[in-house]
Protein chains: 2
Amino acid sequence: MNPISKAEENHLKAIFNLCEEFGKPASTNAIAKIMKTKAASVTAMIKRLSEKNPALVNHQKHKGASLTEPGKKIATNLIRKHRLWETFLVEKLNFSWDEVHEIAEELEHIKAEKLIDRLDDFLGRPKFDPHGDPIPDADGNFTFRKQILLTELAEHKTAVVVGVLDDSPSFLQYLDKLHLVLGAKVKVLERIEYDGSNRILLNDTHEQILTNKVCQNLYVKTL
Amino acid sequence: MNPISKAEENHLKAIFNLCEEFGKPASTNAIAKIMKTKAASVTAMIKRLSEKNPALVNHQKHKGASLTEPGKKIATNLIRKHRLWETFLVEKLNFSWDEVHEIAEELEHIKAEKLIDRLDDFLGRPKFDPHGDPIPDADGNFTFRKQILLTELAEHKTAVVVGVLDDSPSFLQYLDKLHLVLGAKVKVLERIEYDGSNRILLNDTHEQILTNKVCQNLYVKTL
DNA sequence: TACCGTTTTTAGATTAATCTAAAAAACATT
DNA sequence: AATGTTTTTTAGATTAATCTAAAAACGGTA
Ligand SMILES: [Mn+2]
Ligand SMILES: [Mn+2]
Ligand SMILES: [Mn+2]
Ligand SMILES: [Mn+2]
């Protein structure tokens, strides 16, 4: 019964992410939305995953799904693989940060522990991926980093861009246009009350306006 | 009807290789053997592939299968991907030549033209893979190289190892043990009539005996 | 607490990819 | 040409992964 299929892996990852985000079991509907399938299909999948040996998800009817320890192990390993491949694509193959997610979505399902460990070495055991998301180590431990949204940075304070909340291609491309790449230095010169937009100083040199929406999706770390 | 599945791709590759090797349509049984399935399953798959739009295989009942031009395009592109990934694994991730086939068997199915072209660039557009097999370019053209089996090299002649016919891990590992890697220089000192074994001089320094079976699976190129 | 809208599950169907067993066709050998 | 063996195809079944439609359960509000 063992080898885990791509569909099963993607469900596990969806459940993991939803549980992390909301701190409670993932609903059938929410999972279906991520998987681009229907709630009925998710119910069937959850049933199969919870009957695996060992069980990969916990599930009581109408109460949502969460992962067991073996399930979490698989999910974090998928995230590890996804983020390492994204890093490879950006660092070694010169892809831009908005192009790599889709491809990594496929590469993450390649099953060869040795491959991913060698890739990790080749990349110099990076701790964060091109979007600033932490890459779990082989044991599933994430590196925690104190970060806040740019909307939470006090006026007149300076910080460095370290990640994004929204990682959609359109947002990432827009950030490129604004020169807001990882590592960029931003100082909040003025927060405009009227519409929540922010006048910022970029890399000590350029002044520009960032909408509230942009600032709500940018993670920064104070110096 | 379009996106081609992994199972379909593997069948196309099997048909391509069989047609190349024997110069005639591939039999259901031969394909089944490569795919590790049954003849009945292959018949079903061939039917589906020949009813695709465009058709990928030519097939008349009881007469074997061969590829159409669109089918050949897909097959050579798979071979290109397989061999580029093998090269990546050996050159960049320090895998040995006997470990890479299985992993490449999975990686070859990742669908992203840009990925494979970038990988090709990253590797320096190699013409041959770690087993000495030619890597087709993006248009499907293979680099031809004049090569013979070591059994065909005349006594007292010198040549360089450029490839293997058998690429099974056990043979490759045995070659490593014999220091018969790609690029090694071999001179046939004596061909022993009794059992077809060969006394050779390796890299101008070491003398050793190679069985007929080994020599029948080693490609060399005269200087 | 009874009702109503929403969410989840069940029931039943479909498609791809495989299997086994049986029938049909092709091939080979007297 | 007749017969027997091998190969290929057909028929029918199975499993994973999905769907739609209907039934059941849940949760909030009157
Ligand atoms: Mn995925
Ligand atoms: Mn990422
Ligand atoms: Mn393959
Ligand atoms: Mn190879």
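When reading the values below, keep in mind they use all heavy atoms of this one structure, side chains included, and skip hydrogens, waters and symmetry mates. Since the structure is predicted, the reported quantities are computational estimates derived from the model, not experimental observations.
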Q | Nucleic acid contacts of residues 33-44 of chain A, taken as heavy-atom distances under 4.0 Å to DNA chain C | A | A/Ala39, A/Ala40, A/Thr43

Q: Output every pair passing side-chain hydrogen bond (donor to acceptor under 3.5 Å, both in side chains) with a member in residues 115-132 of chain A, not counting sequence neighbours, ordered by first then second residue.
A: A/Arg80-A/Asp117, A/Arg80-A/Asp120, A/Glu86-A/His131, A/Asp120-A/Arg125, A/Asp121-A/Arg125

Q) Do any side-chain nitrogens or oxygens of B/Asn29 fall under 4.0 Å of OP1 or OP2 in D/dT8? A) yes

State, yes or no, whether a side-chain contact exists between [X] and [Y] at a heavy-atom distance under 4.5 Å.
X        : Y        : result
B/Leu180 : B/Tyr174 : no
B/Thr68  : B/Lys72  : no
B/Trp85  : B/Ile116 : yes

Q) Closest heavy-atom contact between A/Pro130 and A/Val90? A) CG-CG2, 3.6 Å

Q. What about the rings of A/Phe142 and A/Phe128, do their centers lie closer together than 6.0 Å?
A. no

Q: Please figure out whether A/Ser5 or B/Lys47 has its closest DNA chain D nucleotide nearer the 5' end.
A: B/Lys47

(Q) Looking at B/Thr87 and B/Arg83, would you say the former's side chain and the latter's main chain have a donor-acceptor pair under 3.5 Å? (A) yes

Q | Stepwise side chain to side chain contact (heavy atoms under 4.5 Å, CB included) test for A/Leu67 and A/Leu12 | A | CA-CA 7 Å; A/Leu67 299 186; A/Leu12 291 175; 3.7 Å; yes

Q: Give the first and the last nucleotide of DNA chain C, reading 5' to 3', that has any atom under 4.0 Å from a heavy atom of chain B.
A: C/dA16 to C/dA26

